[in-house]
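Below is one structure, written out as structure tokens; the observations come after it.
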Amino acid sequence: MTKSIMLVGVGGQGTLLASRVLGTLLTNKGFDVKVSEVHGMAQRGGSVVTYVRYGEKVYSPVVDLGTADMIVSFERLEALRYALYAKKDGVIIYNDQRINPMPVITGAAEYPEGIYEQICAVVPNTTRVDALALANEAGSAKAVNIALLGLLAKRSEFEKEDWIEAVRACVPEKFLELNLKAFELGYNL
Amino acid sequence: MAKKLMLGNDAVARGLYEAGVRFISSYPGTPSTEITECASRYDEIYSEWAPNEKVACEAAIGAAIGGGRAFCAMKHVGLNVAADPLFVTAYTGVNGGLIIAVADDQGLHSSQNEQDSRHYAIAAKLPMVEPADSAECIDFVKKAYDLSEKYDTPFMLRLSTRISHSQSLVEVGEREERPVRDYQKNPGKYVMMPGNAKRRHVDVEERLVRMREELAESELFNKVEMGGKKIGVIAAGIAYDYAREALGDEASYLKLGLLNPLPEKLIRDFAAQVDRLVVIEELDDVIETHVKKLGLPCDGKNLFSFLYEYTSVEIKEKLLGEKTPLAGELPAAPVRPPVMCPGCPHRGLFYVLAKNKLTVSGDIGCYTLGAQPPLGAMDTTLCMGASISALHGFNTVRGPESAKKSVAVIGDSTFIHSGITSLIDIVYNRGISTVIIVDNSITGMTGHQQNPTTGYTIKMEPAGKISLEDLCRSLGIDRVRVVDPGDLKATDAAVKEELAVSEPSVIIARRPCALLKYVKHGAPLTIDTEKCVNCGMCLKLGCPAISKMDGKMEIDPTLCNGCGLCESVCAVGAIRK
């Protein structure tokens, strides 16, 4: 059975590193894996999405509406945007950070209220977390991605050690200590 | 050998390495860029960024005629630029093998149009292969080089965003070193003038027939996978992946890896084994038209769109009648379009252009985002280089007054790509338009590639550096000036002065991209809420770091990089470093 994970957020938030960790973990575990990334124009502060799919044999690299097992969102509004990609019994974890999109900045649209309640009503297994605080506690706001992976790890079918091995393989040496700390903070939350 | 995850574009580069390729020349373009970037890491391969795709393609053709295996890559619109040499090299053939790669962008993730490059292979009578994952990227590239030399033809490699930018598992092999082949002078083959080309056209047609019989009908690139016989799907590349995901073993598949020439017997045999034939192909109905030409009834564009990307759930619903339920309903989230980054040097310029209410003839690059609200300072964007030539036409029909209220905006790399000839059009034909070259010292939108104005090669070795000022002056532009777009007053004055004169002028708005590593960032700015009068001037900059939260202006310190542009537009001095 092929499983689907989505990492969504705002361009520049570090979703690519998180997907690299996931890809490494899943490859180490012997799965067939496909990871679909976004490059180019959409990266410039736009809404970005990375698909990770794994199983015995994976054909499509893309996750469709209503089919994701897990969604990790790096930002609150993006959690709302992609929530319906999750299955009814899927897992959503989102960083409760608010980054206003340009239509909100210009006043053409309003940043929606009550996002958590709305998402919970359709996908009950939803967790919101202040991952920015966890990252700052670990030593850098940039570690939001790995802190969120810590939360994902806790809810995943894989051992904590497997995750840590993948983080070690993907994060440069000089940032490793703070990222491992961010992972622990997310995992133990 | 352990399998590893590899991006499709990286896998193409690996295939080039293993196939013993010696020469690569490309121009960046999403989603093709990483092929050449990844290949540049192999010391055994000479690689370069060319000024544009036509130059890249010609350089690669020359390298192939010279006897080395050669390659060039581009996005779909780049192939339009390179079409001239593409069509003729079909006639000359090769010496060392040659692959011309083109990456289509179904769904317009990062492009100005949706274009199906398969038409080029058909029109130029060139063989075209399309892989469906990273492993096939390596495999098809290596096979195509052998066949390129065997059939004396360039091969086209078609990719798409989802293949180029997806990682999947590959096994890598060793490089097979190939000496440069002998070069023999052969004007009948390489000098394409009418008499010679007439004879070569015969060879081209014969070659296509041979390739149809020997390659298309074989399972070298094409593959039959039998499952349930109620539905038989013909598909290639990413569309095959979507279909296989959606229908699993309930259907049978004729997976095409060779898109031109297409098989006949293979399709007839497959069709005879299934109850219902369905062609699933994104964009145009190329395979479907071929199948119908064979007199075989099939479904295709009667079910699936000519637009955008397909999905597996859509295929499942349309062919199996199985709907994928959603978890419920949610309100639509406000859109989050791409924006200029905090600290982007283009922001200051577009702020000035918007303030002066100018007609702006735009071009292709990060600065196309100047068209977005709140700046909204762009009137037209067509293709690389068109900002200057289109402005010349626009102002010529509208008269001299129009030239006083309009500018062209073009990036450094785009100007080198195809803005130079457009500027020559203005000089030669006595136009008076004002051209602004936004020089951020890098090719930005595609992810920071060096170009002829930066002074470095793709391998970061020192290189010939074109001076934009000297170049423009040498073309006969007397009024060339450089301004810092971070200095709003100076930029405003420069634009006003150059618009006022009745001769052509070039303003070089120079400030490096804020994402370049050597650009130092200041501390985030803050808003003194006591002083702030909520006038909203700072919001007009369209900086993602500034917004109104709970009725008050706020700067997000995680986004702000201290460029200070907002400080200079704040009339009450409420924004401070």
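Each chain gets a letter, A, B and so on, in the order the sequences are listed, and its residues count up from 1.
Heavy atoms from other residues, nucleotides or ligands lying under 6.0 Å from CD of Glu225(B) number more than 12. Within a 6.0 Å radius of OH in Tyr111(A), more than 12 heavy atoms belonging to other residues, nucleotides or ligands are found. More than 12 heavy atoms of other residues, nucleotides or ligands sit less than 6.0 Å from atom CD of Glu117(A). Around atom CZ of Phe158(A), more than 12 heavy atoms belonging to other residues, nucleotides or ligands sit under 6.0 Å away. Shown here is Lys540(B), whose NZ atom has no more than 12 heavy atoms of other residues, nucleotides or ligands within 6.0 Å. Atom CG of Asn28(A) sits in a crowded spot, with more than 12 heavy atoms from other residues, nucleotides or ligands closer than 6.0 Å. For NZ of Lys552(B), the number of neighbouring non-hydrogen atoms (other residues, nucleotides, ligands) closer than 6.0 Å is 12 at most.
A distance of 9.0 Å separates CE in Met102(A) from OG in Ser547(B), rounded to the nearest 0.5 Å. The CD atom of Gln167(B) lies 12.0 Å from the NZ atom of Lys34(A); values are rounded to the nearest 0.5 Å. Between the NZ atom of Lys3(B) and the OG1 atom of Thr27(A) there is a distance of 11.0 Å, given to the nearest 0.5 Å. With rounding to the nearest 0.5 angstrom, the CD1 atom of Ile238(B) is 7.5 Å from the OG atom of Ser36(A). A distance of 6.5 Å separates CD of Gln97(A) from CG of Asp556(B), quoted to the nearest 0.5 Å.
In this structure, Asp64(A) and Glu245(B) have side chains that are not in contact, with every pair of non-hydrogen atoms separated by 4.5 Å or more. The shortest side-chain heavy-atom distance between Pro103(A) and Pro337(B) falls under the 4.5 Å cut-off. In this structure the side chain of Val313(B) never reaches within 4.5 angstrom of the side chain of Leu65(A), judged on heavy atoms. A heavy-atom distance below 4.5 Å is not found between the side chains of Leu5(B) and Thr24(A).
Top candidate by heavy-atom pairs under 4.5 Å with chain A, chosen from Gly328(B), Pro334(B), Pro373(B), is Pro334(B). Your options are Gly29(B), Pro331(B), Ser134(B), Pro31(B), and the one with the most heavy-atom pairs under 4.5 Å with chain A is Pro331(B). Among Ala333(B), Cys543(B), Pro374(B), the residue making the largest number of heavy-atom pairs under 4.5 Å with chain A is Ala333(B). Ranked by heavy-atom pairs under 4.5 Å with chain B, the list Lys57(A), Arg20(A), Gln118(A) is led by Gln118(A).
By a heavy-atom distance cut of under 4.5 Å, Glu75(A), Leu77(A), Glu78(A), Leu80(A), Arg81(A), Ala83(A), Leu84(A), Ala86(A), Lys87(A), Lys88(A) are the residues of residues 74-95 of chain A near chain B, going up by number.
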Residue pair Leu539(B), Ile105(A): steps toward the side chain to side chain contact (heavy atoms under 4.5 Å, CB included) verdict | CA-CA 7 Å; Leu539(B) 294 182; Ile105(A) 291 175; 3.9 Å; yes
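The part of Ala132(B) that comes within reach of chain A is its backbone (N, CA, C, O), which places non-hydrogen atoms under 4.5 angstrom from that chain. Heavy-atom distances place the side chain of Leu132(A), and not its backbone, under 4.5 Å from chain B. Within the 4.5 angstrom heavy-atom criterion, only backbone atoms of Glu329(B) (N, CA, C, O) approach chain A. Heavy-atom distances place the backbone of Phe31(A), and not its side chain, under 4.5 Å from chain B. The part of Thr324(B) that comes within reach of chain A is its side chain, from C-beta onward, which places non-hydrogen atoms under 4.5 angstrom from that chain. For Thr311(B), the parts lying near chain A are the backbone and the side chain together; criterion is any non-hydrogen pair under 4.5 Å. Interface remark: Val62(A) contributes side-chain atoms only to the contact with chain B (heavy atom separation under 4.5 Å). Heavy atoms closer than 4.5 Å to chain B are found in the backbone of Glu110(A), but not in its side chain. With a 4.5 Å cut-off on non-hydrogen atoms, Cys344(B) does not touch chain A at all. Heavy atoms closer than 4.5 Å to chain A are found in the backbone of Ile546(B), but not in its side chain. Residue Arg53(A) touches chain B through its side chain alone, counting heavy-atom pairs closer than 4.5 Å.
Evaluation of the salt bridge (charged side-chain N to carboxylate O under 4.0 Å, His left out) rule for Lys318(B) yields Glu314(B) as partners, not counting sequence neighbours. Every side chain to side chain contact (heavy atoms under 4.5 Å, CB included) that Glu250(B) has, sequence neighbours left out, goes to Leu320(B), Glu322(B).
Screening residues 163-178 of chain A for side chain to side chain donor-acceptor pair (under 3.5 Å) gives Ser156(A)-Trp163(A) as the qualifying pairs, with residues at least two apart or on separate chains.
Looking at Arg336(B), its side chain does come within 3.5 Å of a backbone N or O of Ile99(A) through a donor-acceptor pair.
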